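Read the structure below first, then the notes.
For clarity, every value in this text was computed on a predicted model and none was experimentally measured. To find a chain, count down the sequence lines: A is the first, B the second, and so on, and within it residues start at 1.
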Number of protein chains: 2
Amino acid sequence: MLEALEANYGYLFEEELLQEINSVGTCKDIPEGYKLIEIGDYIRSMPLLVSGAIKILREDENGDELILYFIERGDTCAMTLSCCLGQSKSEIRAVAETDTKLIMIPVQKMEEWLGKYKSWQKFILQSYHDRMSELLNAIDTIAFLKMDERLFIYLKDKAMVNHNDVIHVTHQEISQDLHTSRVVISRLLKKLAINGKIELQRNNIKVIDL
Amino acid sequence: MLEALEANYGYLFEEELLQEINSVGTCKDIPEGYKLIEIGDYIRSMPLLVSGAIKILREDENGDELILYFIERGDTCAMTLSCCLGQSKSEIRAVAETDTKLIMIPVQKMEEWLGKYKSWQKFILQSYHDRMSELLNAIDTIAFLKMDERLFIYLKDKAMVNHNDVIHVTHQEISQDLHTSRVVISRLLKKLAINGKIELQRNNIKVIDL
DNA sequence: TATAAAAGGTGACTTTTGTTACCAAATACC
DNA sequence: GGTATTTGGTAACAAAAGTCACCTTTTATA
């Protein structure tokens, strides 16, 4: 685990903290599609991403979903942070977008380190800042853009976190992430294809304009 | 200032911290409508709300606005926090919704206290948590609700922070906050009035259903 | 292989929201 | 008092998004 830690977090944390993380953290390999956090869950440990990507979703009372953003390596989930420290329930769902490696830190340790390591404190605050920015970005997208633009941004983001310009996804899945209907997505995808921004195949979409 | 501090933050902070805030903080009286923070501003001090309310807005490249939430007494602005600590530019605009009393804390102090006072650290983290929840709430409203519901929630929120069920606002102003057009708002307000949820007068709206 | 399920293409229609234009009433200001 | 500005009411239309229905093609599975 230590190598993964050094590679992803070495530039952030001092040796002593890295050692501590190494001794109390537990490595986890998560398969694509695995639901890491459900809305309403109490969180008992905090994930540090080593590789892969996680999709963060919001849901309303009717069960309608909406993607908020993706988390990548070197990130942590500030929502989780928030829930750990506030001892409140999760307000979001987290699903592995790809196969993912995590290091899980117990809540008590992460609180302890806040007083002990300046670099940890800085990391936590930076994570809050980053996640706040992501949320604002999500708001911009939802509030100011039309569905065709949102769709294209979604496809580009998905291509990015998957390190692949061919995305394996169905129209149905997209419509759920963007909180619209399958018919609307099929319609807009066709328009994007006609404009040469994407290429469509069954279960796959190739993003051209990157 | 000390009385205001004790009344609003006494239950949160120990005596020593209250004294420190008292000695380095500066009181500010802000008139309704005053722009506290503009997008792109660098933030050099952090506000603690003593009374009144502040409206937090997002803006896109075209200058179109969107209200995110209101901040009330006992709160601070986690966005500001975020900008202070990260030394980054403000991503939001803050406008006094009512006449407002603030205590401004210099950035250096608030960083210093993070290491020195556990209660301060807790307060800062709690503020992040609260603001994150507010942002999620804003996302729910924008993404899952129709404009008529958003409008009614907006009116109720505004009545709440103004401690008055009669809101002094024009249709034009509402349409800016909700990022739509004046005609749409007039149309929906009329429907709400017909359904007995509000009463309309020129420049004033009375919220009935609270 | 037969059948069912999943994926998605498409027309027709509705609802919601946005836009333009024009009007009248209230208010501000000279 | 007279004029300009602000406020907002409303019709008519356009665009975006949502819904329904029905179809074909591909894939999974009994």
Nearest-Å distance, [atom1] ([X]) to [atom2] ([N])?
{"X": "B/Arg187", "N": "D/dA11", "atom1": "CZ", "atom2": "C1'", "answer": "10 Å"}
{"X": "B/Leu189", "N": "D/dG9", "atom1": "CG", "atom2": "P", "answer": "8 Å"}
{"X": "B/Leu200", "N": "D/dG8", "atom1": "CG", "atom2": "C1'", "answer": "10 Å"}
{"X": "A/Leu151", "N": "D/dG18", "atom1": "CG", "atom2": "C1'", "answer": "16 Å"}
{"X": "A/Gln172", "N": "D/dT27", "atom1": "CD", "atom2": "P", "answer": "18 Å"}
{"X": "A/Ile185", "N": "C/dA6", "atom1": "CD1", "atom2": "C1'", "answer": "18 Å"}
{"X": "A/Asn204", "N": "C/dA6", "atom1": "CG", "atom2": "P", "answer": "19 Å"}
{"X": "A/Gln201", "N": "C/dG9", "atom1": "CD", "atom2": "P", "answer": "12 Å"}

Please lay out, stage by stage, how B/Glu134 and B/Arg131 fare under the test salt bridge (charged side-chain N to carboxylate O under 4.0 Å, His left out). CA-CA 5 Å; B/Glu134 301 260 27; B/Arg131 239 37 67 196; 3.2 Å; yes

When A/Arg182 and A/Asp148 are each assigned the nearest nucleotide of DNA chain D, the 5'-most assignment goes to A/Asp148

B/Ile103 and B/Cys27: which non-hydrogen atoms are nearest, and at how many Å? CG1-SG, 4.3 Å

For residues A/Arg73 and A/Ala7, report the shortest heavy-atom separation together with the two atoms involved. NH2-O, 4.3 Å

Between B/Phe123 and B/Phe13, what is the ring plane arrangement, given parallel below 30°, perpendicular above 60°, and tilted in between?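 B/Phe123 vs B/Phe13 ring planes: perpendicular.
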
Which word best sums up how the rings of A/Trp113 and A/Trp120 line up, parallel for under 30°, tilted for 30 to 60°, or perpendicular for over 60°?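 Perpendicular.
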
As a test of reading the structure: which of [options] is closest to the side chain of [X], going by heavy atoms?
{"X": "B/Asn203", "options": "C/dT17, D/dG8, C/dG8", "value": "D/dG8"}
{"X": "B/Ser186", "options": "D/dT7, D/dT10, C/dG9", "value": "D/dT10"}
{"X": "B/His171", "options": "D/dG9, D/dG18, C/dA7", "value": "D/dG9"}

Which part of the nucleic acid, if any, lies within reach of B/Ser181 when heavy atoms closer than 4.0 Å are counted: base, sugar-phosphate only, or nothing?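 Answer is base: heavy atoms of B/Ser181 come under 4.0 Å of a base.
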
Report the residue (A/Lys190 or A/Arg202) whose heavy-atom-nearest nucleotide on DNA chain C is the more 5′ of the two. A/Arg202

Using heavy-atom distances to pick each residue's nearest nucleotide on DNA chain C, tell me which of B/Val183 and B/Leu188 is more 5'.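 Whichever sits nearer the 5' end wins; that is B/Leu188.
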
